[in-house]
Amino acid sequence: MGRPWLFFAVSFALSLSAGLSWAAPDQEFDQGVDHKPVLEAAVAAAGSLLPAASRAHAKGDDVPVWISVADKDVSVLGEAFGLPDRPVILQGAGVSIYQARTAELDELSEAMHQKLHKCGGFFAHSTLEAAKADLEPAPAAAARALTIDQGAVVPAMVALADEPSITKTITRLASFKNRYYRSKTGTESSRWIGEHWKELSQGRTDMSVSLLKHSGWTQESVILTVTGSAEPEKVVVLGGHADSIAGWYGGEDATAPGADDNASGIAALTETIRIIVATGYRPKKTLKFMAYAAEEVGLRGSQEIAASFKKDGVAVQGAFQLDMTNFNGSAEDIFLITDHTNDAQNAFVGKLVETYTSYKLGRTACGYACSDHASWTKNGFAASFPFEAKFGEDNKNIHTAQDTLAQSGGHSKHALKFAKLAVAYAVEMAK
Ligand code: BES
Ligand code: ZN
C-alpha cells in the first residue's frame with residue numbers, strides 16, 4: 001500500500017534541487033543592497049523555474065509566486081518541499097524569500113499536512129516587491145483600552161446563537177466539490193457567501209456586502225460592512241477563510257468539502273451576522289465581516305486586504321480570526337492561539353469567554369503563521385485566533401475529502417461556542 005505521496009515528495013524535492021541550482025544568484029543580499037537588478041533577474045528567471053515534475057500536472061494558470069518563510073520554519077517546510085535546496089532570493093529579519101510557481105503551492109500545502117501532520121507557514125505574494133515587505137519586522141499594534149461593560153446587550157444576543165443555523169451553513173458550503181481559490185466552484189462558493197450575507201442583511205441600510213477581486217486568481221474575498229453609527233472610521237474585523245483545498249494533483253478537481261476547515265468558521269461568522277440583524281443591534285464603530293479567498297495557498301487574500309488597510313491607514317481596532325471551530329478534540333472548549341497574535345487582545349478575549357460563557361479556556365501555539373490572523377499581525381494590527389482544540393489534538397481530516405460534518409458528529413455544537421464568542425467580541429469592540 002504505502003504512501004505514494006511520500007515517494008512523490010521525495011522525488012519532487014530532488015527534482016527541484018536538481019532543476020533549480022542553476023538559478024541561484026551568486027550574490028549575498030542584505031537590506032542595503034540595490035534590489036532592482038535582483039528583482040529583474042528573478043523575474044527573468046521565473047519563466048523557466050517550473051521543474052518538469054511539476055510541469056507535467058500543472059493545471060490552470062501557472063505563474064511565478066514569491067514565498068516568504070520564517071527561517072525557523074524552513075527546515076519543516078523543506079522536508080515537504082525541498083526549500084533548503086532552493087536559492088534564497090532575499091533575506092532579512094529572520095525571513096527568507098524563495099521563488100515558486102502557483103502550481104507548486106497546492107503541493108506545498110498538501111505535503112505539509114499529509115506528511116506526518118507536519119505544518120509550516122508561509123506567505124505567498126504575486127510580486128517580489130510585495131514579498132519584500134516581509135523582510136521588515138512586523139510593526140507593533142497600537143495599545144487600546146479593552147473593556148467589558150456591555151452586559152445589558154451581549155447575553156440576550158449570545159442566547160440567540162442557533163446550532164441548526166450553523167449546521168445549515170456548513171452543509172451548504174461543504175456541498176461544493178471544493179472551494180479552491182482557482183476553481184469554478186471556488187468562485188461560486190464565495191459568491192454564495194456574498195449572496196447569503198446580502199439576504200441576511202436585507203432591509204438594513206447600514207449594512208452592505210462587497211466582493212473583493214484579487215489580481216492573481218479568480219476567487220473573490222467577501223466583505224460585509226456594518227457601518228458604525230458614531231465612529232464609522234474605526235473598524236473591527238471578524239474573519240475566516242472561505243477557500244478549501246485537498247489533493248496532490250490539481251486542487252481544481254479535488255474533493256475538498258472543508259467542513260471544519262473552514263466552513264465552520266464562516267458559518268460561525270454568518271451566525272453572528274444573523275444575530276446582529278435579528279436583534280437590530282447597531283454598532284457605534286464599523287464592523288467588517290470577511291470571508292478571505294486563497295488562505296490555503298499562503299494567506300494570500302487576507303494579506304492583500306490587511307496590507308491595503310495598512311497602506312490606507314485604516315484604524316483597525318482589532319481582528320478576530322475563526323479557522324476550524326467544529327472539531328471538539330480537547331478537554332477545554334476554546335483555545336487561544338498564542339503566536340502571531342496580540343497578548344493584550346488575547347487577554348481581553350479570554351475575559352469575554354469568562355464573562356459571557358461557561359466554556360473552558362485553553363491556550364496553545366500553532367508554531368508558525370498558520371492562518372489569516374498572521375496577515376493582520378504582520379501589518380501591525382492586533383489579532384486574536386480562538387481555535388477548536390489544543391494544537392495537535394485538532395481535526396486530522398482537514399485538507400482531505402474526509403473533512404465532512406460527519407467527523408464532528410453531524411452537528412455544530414462546538415462551532416456554536418465560537419459564534420457566541422464572536423458576538424461578544426463584536427459588541428464589546430464596536431461600542
Ligand atoms: N486551518 C489551517 C491551519 C491550522 C491547521 C491550524 C491545523 C491549526 C491546526 C489552515 O487553513 C492551513 O492549512 N494553513 C496552512 C498554512 C498556510 C500558510 C498555507 C498550514 O497549516 O499548513
Ligand atoms: Zn483553515
Side-chain angles (χ1 to χ4, degrees), residues 65 67-70 73-74 76-77 79-81 83 95 98 100 102 104-125 131 134 170 173-174 178-181 239-247 251 256-269 291-303 306 321-327 329-330 334-341 362-378 385-400 403 407 415 418:
V65 71
I67 58 181
S68 58
V69 187
D73 292 338
V74 165
V76 175
L77 281 169
E79 270 184 54
F81 201 51
L83 271 188
V95 172
Y98 298 86
T102 47
E104 297 174 303
L105 294 178
D106 316 341
E107 291 156 1
L108 177 51
S109 171
E110 171 70 5
M112 285 189 299
H113 281 273
Q114 292 295 320
K115 260 199 117 185
L116 310 170
H117 301 300
K118 265 193 181 172
C119 301
F122 63 97
F123 292 94
H125 306 266
D134 289 1
I170 294 178
L173 285 171
N178 63 56
R179 302 188 301 280
Y180 184 65
Y181 79 126
H241 66 93
D243 63 320
S244 72
I245 196 166
D260 191 32
D261 187 12
N262 179 34
S264 71
I266 297 298
L269 295 170
Y292 308 113
E295 184 267 357
E296 298 286 10
V297 287
L299 318 177
R300 297 187 73 184
S302 61
Q303 258 195 113
Q321 172 73 4
L322 290 183
D323 180 3
M324 299 169 67
T325 67
N326 203 29
F327 183 80
S330 300
I334 294 175
F335 284 81
L336 297 178
I337 299 286
T338 53
D339 53 347
H340 296 271
T341 55
R363 277 165 213 274
T364 193
C366 260
Y368 59 96
C370 65
S371 189
D372 303 299
H373 60 296
S375 297
W376 293 101
T377 299
K378 192 172 80 178
F385 178 13
F387 186 66
E388 65 186 12
K390 185 183 289 179
F391 190 78
E393 294 176 359
D394 47 274
N395 192 338
K396 291 292 175 281
N397 290 294
I398 66 168
H399 301 186
T400 75
D403 183 5
Q407 302 285 354
F418 293 81

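Start at 1 and go down the list; that is how both ligands and their atoms are numbered.
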* Asked: What do the steps show when you test Asp134 against His125 for side-chain contact (heavy atoms from CB on, under 4.5 Å), and what is the final call?
  -> CA-CA 10 Å; Asp134 289 1; His125 306 266; 2.8 Å; yes
* Asked: Touching ligand 1 at all, Phe387? Heavy atoms, strictly under 4.0 Å?
  -> yes
* Under 4.0 Å from any heavy atom of Phe391, which atoms of ligand 1 are there? -> 8 (C), 9 (C)
* Asked: Are the side chain of Asp243 and the backbone N or O of Ala293 linked by a donor-acceptor pair below 3.5 Å?
  -> no
* **Glu295 contact mode with ligand 1 (heavy-atom cut-off under 4.0 Å)** => both
* Can you find an N/O atom of Cys370 closer than 3.5 Å to an N/O atom of ligand 1? -> yes
* To do: Below 2.8 Å of the Zn ion (ligand 2), tally up the protein N/O/S atoms for me.
  => 4
* Residue Tyr368 vicinity, atoms of ligand 1 by number, heavy atom under 4.0 Å -> 20 (C), 21 (O)
* Asked: Under 4.0 angstrom from ligand 1, any heavy atom of Asn262?
  -> no
* Out of Glu388, Glu296, Gln321, His241, who gets a non-hydrogen atom closest to atom 12 (C) of ligand 1? -> Glu296
* Give the minimum heavy-atom separation between His241 and Gln321, together with the two atoms involved. => N-NE2, 4.3 Å
* Asked: For ligand 1, which atoms sit closer than 4.0 Å to a heavy atom of Asp261?
  -> 1 (N), 2 (C), 11 (O)
* To do: Begin with the C-alpha distance, continue with both residues' side-chain angles, and end with the deciding distance and a verdict on side-chain contact (heavy atoms from CB on, under 4.5 Å) for Asn178 and Ile245.
  => CA-CA 7 Å; Asn178 63 56; Ile245 196 166; over 6 Å; no
* Asked: For atom 1 (N) of ligand 1, which of Asp243, Asn395, Asp323 has the closest heavy atom?
  -> Asp323
* Side chains of Gln407 and Lys396, donor plus acceptor under 3.5 Å -> no
* To do: Taking atom types as modelled, find out whether Asp260 and Asn326 have a side-chain donor-acceptor pair closer than 3.5 angstrom.
  => no
* Pairwise distance CG(Asp261) to CD(Glu388) - rounded to 0.5 angstrom -> 8.5 Å
* Minimum heavy-atom distance between Ala246 and His399, given as atom pair plus value -> CB-O, 3.3 Å
* When the ring planes of His373 and Phe385 are compared, do they come out parallel, tilted or perpendicular, using 30° and 60° as the limits? -> tilted
* Structure fact -> For Ala369, the ligand 1 atoms with a heavy-atom partner under 4.0 Å come out as 18 (C)
* Select one of side chain, backbone, both or neither to describe which atoms of Ile245 lie under 4.0 Å from any atom of ligand 1, heavy atoms only. => neither
* To do: May I ask you to check if ligand 1 and Asp394 share an N or O to N or O distance below 3.5 Å?
  => no
* Is there side-chain contact between Asp403 and Asn395, with heavy atoms separated by less than 4.5 Å? -> yes
* Anything under 30° is parallel, anything over 60° is perpendicular, the rest tilted; go ahead and classify Phe391 against Tyr368. => perpendicular
* Asked: Is there a side-chain contact between Ser375 and Phe123, using heavy atoms and a 4.5 Å cut-off?
  -> yes
* Structure fact -> For Ile266 and Ala291, the nearest pair of non-hydrogen atoms, with its separation, is CD1-CB, 3.7 Å
* Numbered atoms and elements of ligand 1 in range of Leu299, under 4.0 angstrom, heavy atoms -> 18 (C)
* When you measure from atom 6 (C) of ligand 1 to each heavy atom in Cys366, Ser375, Ala124, Gly298, which option holds the nearest one? -> Cys366
